[in-house]
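Worksheet for the structure shown next.
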Amino acid sequence: MIHFDNVIKVYTNQNRPALDHISVDVDKGEFVFLVGPSGSGKSTFLRLILKEERPNSGAIHVAGKDLSRLSNFKVPHLRRRIGCVFQDFRLLPNKNVYENVAFALEVIGKPRRFIRKVVPEVVELVGLEGKAHRMPDELSGGEQQRVAMARAFVNRPMILLADEPTGNIDPATSIGIMKVLDRINRTGTTVVMATHDAAIVDSMRKRVVELEDGKIVRDQSRGVYGQAY
Amino acid sequence: MRANFIFSEVWIGLRRNLTMTIAVIVTVAVGMALLGVGLMINAQVSNMRDFWSDKIELSIFLCGKNDPFPNCENSSGLSDAEKIALRDRIVAMPEVQGVEFENQAAAYENFKAQYGADNVLVSAVKPEDMPESFRVKLKDPNSYGAVVAALDGAPGISNVVNQQDILKQFFGLLERLRWAALVVAFILVIAAILLIGNTVRLSAYNRRRETGIMRLVGASNLYIQLPFVMEGVIAGLIGGVVAASLLIISKVFLFDSVQQYLPGNSALAWSDVASVITLTMIFGVVICVLASFVTLRRYLRV
């Protein structure tokens, strides 16, 4: 599903590469934790999958597509197959839960009948039934992140990228968020989650890829966060 | 493509930047109106050229008794035979199409007709004071040089008046007006472009959350950019409509009211005004679209 082959990414004005000879494979339906300290290259890894950045060398394949051969014109179609969740939720404050989720479908031109059918289903899947007409500022942080996950998942992406989704949420609420991610993963969606949260990684017992200074220092199935932290 | 989604986005954008939008509309309107006035002066000048080109003539005034012209000193005027000889000489010139002789009585009648019978000046002048003249019509009104050179200063001729010179002054005035209008229009077009750029930048900044999410969920570039470009188009169109009404007003109250001081009918037709309006509208909208597009490339990463 995601295939990195000897990828090097150096940002301009920086000597040290953000990613240094990264080769990694993520299969369809896998759940992968991406761990490592700040600046180790986790976010760069996720941005490369979305083709928000281009690697300096090496090849990246996502959902069977060679990203270096994907024209800019087709990048939006790639992104429709990838859902994204962030630490800061990124909801639209002037739209309610339903509208926030529907927005993701409206802007890719889905018909209204389709939207009316699938949005309530996804809102229920993330555990927000009955709160579809709340505004974001009427929701707790955990609930806002559920809205963001509903929006990321509503178009049934093949891949879900989560960049520290529990970073702004207390540990008890985080468990609920992880349950939703696990539920999404069980529908066959590949999940890649960058995180600092040792407790979550340890409790989930999924594959762990650890980055340090842009290099993969550990790739372990059913791993834990590691002793050093 | 969901039209009502795009239009609601456009409406939100225009309302959020109301003051900037008004500034764009006003600048586009005044700029396009001045551009239109320039084009209308153009049409007016060519209308008048068409009207005058077959009526323009050279007037060759003959010396009378005691005329104060230097060429007429000690001259007691031409004899009839000399006049016929002069006439033959003029007719023989290759540039000349025809010659009319205007005697003192006819000149007096024309003079009266021009100033009105009860004018003080007319009552002070007698037919004997009027000069005799040959009215020369040229094949091409612009090829007067040789004729004037040959006749000006010839014995018995007091002076040669080229009507083209009088018209030239008038056309020169119109030409200067047109250039003034076009220069101001050009400056305003630049101001409009900068204003549109600023509006789009503000608009892109105001909606950076929305566009960020749109990018993330895979909205196509067209979907992301169209609302911004449409804002420019709508501002340009409203400006164009205002400019059109300004042009119609200037046609009725400026161009048509000047006509009553001019002989003959060289008024602008409404079809000329319509084509000027269409042209300025298209120009205005194209400028708005280009300006929004160029700024979008800078401020909206897709």
Side-chain angles (χ1 to χ4, degrees), chain A residues 46-47 49-53 62-63 70-86 88-95 99-115 122 136 147-163, chain B residues 1-21 199-234 289-290 292-302:
Chain A
L46 298 181
R47 291 168 68 80
I49 295 174
L50 285 166
K51 213 185 172 195
E52 288 210 58
E53 301 285 350
V62 176
L70 196 68
S71 66
N72 281 345
F73 173 67
K74 286 194 171 158
V75 169
H77 293 273
L78 169 77
R79 292 186 184 149
R80 286 178 199 185
R81 321 182 87 175
I82 305 174
C84 280
V85 180
F86 298 92
D88 55 357
F89 318 138
R90 301 197 189 173
L91 301 178
L92 297 175
N94 54 347
K95 290 190 191 298
E99 289 162 345
N100 261 290
V101 178
F103 184 77
L105 295 175
E106 278 169 0
V107 299
I108 59 174
K110 292 283 187 203
R112 202 173 315 181
R113 270 179 43 216
F114 175 80
I115 294 174
V122 178
V147 179
M149 282 193 290
R151 184 181 64 197
F153 187 63
V154 71
N155 198 30
R156 305 283 157 164
M158 305 167 83
I159 301 168
L160 188 88
L161 304 179
D163 196 353
Chain B
M1 184 60 59
R2 298 194 26 189
N4 54 355
F5 171 78
I6 300 279
F7 276 108
S8 74
E9 289 288 304
V10 170
W11 176 237
I12 291 168
L14 286 177
R15 225 181 25 192
R16 273 196 201 164
N17 290 330
L18 194 62
T19 48
M20 285 299 270
T21 309
T199 315
V200 167
R201 190 173 66 166
L202 258 180
S203 202
Y205 183 78
N206 278 338
R207 292 219 299 266
R208 63 194 184 285
R209 272 174 189 277
E210 280 89 341
T211 51
I213 291 165
M214 285 165 94
R215 241 157 46 75
L216 210 64
V217 300
S220 62
N221 295 354
L222 185 72
Y223 234 95
I224 299 177
Q225 293 180 342
L226 202 60
F228 295 94
V229 175
M230 289 295 285
E231 273 175 45
V233 169
I234 288 176
V289 169
L290 287 181
S292 342
F293 219 76
V294 170
T295 22
L296 267 185
R297 306 234 128 218
R298 281 187 60 190
Y299 294 106
L300 195 71
R301 211 168 66 91
V302 187

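Just so it is clear: chains get the letters A, B, ... in the order the sequence lines come, proteins before strands, and each one is counted from 1.
With a 4.5 Å cut-off on non-hydrogen atoms, A:Asn100 does not touch chain B at all. Within the 4.5 angstrom heavy-atom criterion, only side-chain atoms of A:Phe103, from C-beta onward, approach chain B. Using a 4.5 Å cut-off between heavy atoms, A:Pro93 contacts chain B through its side chain alone, with no backbone atom that close. Contacts of A:Leu91 with chain B are made by backbone atoms alone, with heavy-atom separations under 4.5 Å and no side-chain atom involved.
Between B:Glu231 and B:Ser203, the side chains place a donor N or O and an acceptor N or O closer than 3.5 Å (distance only, hydrogens not considered).
Atom CG of residue A:Asn155 and atom CZ of residue A:Phe114 lie 6.5 Å apart, to the nearest 0.5 angstrom. Between atom OG1 of residue B:Thr19 and atom CG of residue B:Leu202 there is a gap of 8.0 Å, rounded to the nearest 0.5 Å. Note that CD1 of A:Ile108 and CD1 of A:Ile115 are 8.5 Å apart. Values are rounded to the nearest 0.5 Å.
In terms of non-hydrogen atom pairs under 4.5 Å with chain B, the most contact-rich of A:Arg90, A:Arg151, A:Lys95 is A:Arg151. With chain B as partner, the option from A:Val75, A:Leu92, A:Val154 having the largest number of non-hydrogen pairs under 4.5 angstrom is A:Leu92.
Here the side chain of B:Arg16 pairs no donor or acceptor atom with the backbone of B:Gly13 at under 3.5 angstrom.
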